[in-house]
Protein chains: 2
Amino acid sequence: MSHSDTIIAELRKRGYRITPQREMIIGAIAHSPKHITAEEIAVHLQEHTHAINIATIYRTLDWLWQEGFACRNDLSEGKTVYATLLHGPHVHLVCRKCNQVIDADIGVLSTLGNKLREKYGFDPNLDHFSIFGVCSECQDQ
Amino acid sequence: MSHSDTIIAELRKRGYRITPQREMIIGAIAHSPKHITAEEIAVHLQEHTHAINIATIYRTLDWLWQEGFACRNDLSEGKTVYATLLHGPHVHLVCRKCNQVIDADIGVLSTLGNKLREKYGFDPNLDHFSIFGVCSECQDQ
DNA sequence: TTTACTGCAAATAATTTGCAAAACT
DNA sequence: AGTTTTGCAAATTATTTGCAGTAAA
């Protein structure tokens with residue numbers, strides 16, 4: 001059973017209706033290797049099938065987020081990005097020049113989490129956090 | 001010489017004109033203990049003097065960012081926040097519940113930076129980065 | 001058949017821009 | 001005086017919402 005099937009099954013169990021639109025949007029976000037915007041999903045889906053209304057995409061992404069199947073971040077300039085909660089703790093490396101987002105696994109994370117809890121009583125969500133900088137490709141320019 | 005005076009002096013040296021509007025906006029951002037939005041600056045300045053047009057605030061913040069005196073992040077829902085580059089490397093702990101931003105100094109940062117450079121060739125800007133989570137006050141609720 | 005979901009178009013919210021008037025240097 | 005900067009209002013961009021029609025269950 002693929003990742004999107006798992007999500008769909010669970011949503012059905014919770015009493016939601018699964019429409020073709022929802023199925024396609026869930027497929028798109030579940031298979032995307034990176035964070036994705038509503039706009040990007042719209043473009044992606046238009047390649048395969050008739051256009052799905054952008055409002056439906058926004059509503060579906062928000063719904064997935066509410067139901068705990070997606071995370072939602074404001075990474076790049078004024079656009080909200082979404083991703084499924086597929087992976088373990090990792091860092092998003094956001095390139096300031098080309099805006100690409102690299103997922104990085106980093107061992108220091110648990111240490112960092114403990115320090116933040118100890119010193120600041122802050123309970124961090126380290127599943128998803130973002131560091132801005134310049135990626136290797138853009139450094140050469 | 002205060003922090004805002006330093007910025008103003010440097011901008012003058014670079015040939016820019018310092019207007020009362022710019023002076024007030026720089027003062028507001030330089031003395032703000034936390035990241036601040038254009039809207040918040042507008043409200044803050046309206047208490048003291050006649051309103052400054054919001055477009056001017058946006059333009060000035062962008063200009064400060066371009067000139068390297070402010071950082072710019074998309075932390076919370078659809079709003080861009082700005083802050084002066086006053087402190088050394090630190091982490092912004094953003095509370096998902098009350099939206100407050102705590103500045104934290106963290107020793108692991110240099111280690112983290114080195115790992116990211118080694119493993120991903122990514123040059124991170126660790127002066128300012130953000131971790132989402134729940135602050136100590138909001139955990140009790 | 002019921003009522004949740006979609007599409008459309010209009011509404012919001014944050015930010016940007018063009019242009020004439022105002023004001024630093 | 002000359003050019004930069006501001007204010008205003010209109011334009012843009014991302015996102016949300018109301019409502020009538022459509023379709024999962």
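A note on names: the letters A, B, ... follow the listed sequences, proteins ahead of strands, and every chain is numbered from 1.
Annotation: of the two residues near DNA chain C, B:Pro20 and B:Tyr82, the 5′-most nearest-nucleotide partner is B:Tyr82.
Residue B:Tyr58 has no polar side-chain atom (N or O) positioned under 4.0 Å from OP1 or OP2 of C:dT16.
In this structure, the CD atom of B:Glu39 is 14 Å from the P atom of C:dT16, given to the nearest Å. Atom-to-atom, CD of A:Glu23 to P of D:dA23 comes out at 16 Å; the value is rounded to the nearest Å. In this entry the distance linking CD1 of B:Ile41 with C1' of C:dA14 reads 15 Å, nearest Å. The separation between B:Arg14 atom CZ and C:dT25 atom C1' is 19 Å, rounded to whole Å. In this structure, A:Trp65 atom CH2 and D:dT15 atom P are separated by 13 Å, rounded to whole Å. In this structure, CG of A:Asp62 is placed 12 Å from C1' of D:dT17, rounded to the nearest angstrom. Between the P atom of D:dA14 and the CG atom of A:Leu61 lies a distance of 15 Å, rounded to the nearest Å.
Looking at heavy atoms from C-beta onward, B:Tyr82 lies out of side-chain contact with B:Ile41 at the 4.5 angstrom threshold. Within the 4.5 Å cutoff, no side-chain heavy atoms of A:Thr60 are placed close to those of A:Ile52. A:Ile131 is listed as a side-chain neighbour of B:Leu112, based on a closest heavy-atom distance under 4.5 Å.
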Protein-proximity profile, nucleotides 1-9 of chain C, B/S/- by nucleotide at the 4.0 Å heavy-atom cutoff, equals -BBBSSBB-
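Enclosure of atom CD in B:Glu39 is not indicated, since only 12 or fewer non-hydrogen atoms of other residues, nucleotides or ligands lie within 6.0 angstrom.
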With salt bridge (charged side-chain N to carboxylate O under 4.0 Å, His left out) as the criterion, how do B:Glu10 and B:Lys13 come out once you've worked through the C-alpha distance, each side chain's angles and the decisive distance to 0.1 Å?
CA-CA 5 Å; B:Glu10 179 57 31; B:Lys13 199 185 294 176; 3.7 Å; yes
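Summarising the geometry of A:Arg117 relative to A:Phe122, their closest heavy-atom pair is CG-O, 3.4 Å, with the distance given to 0.1 Å.
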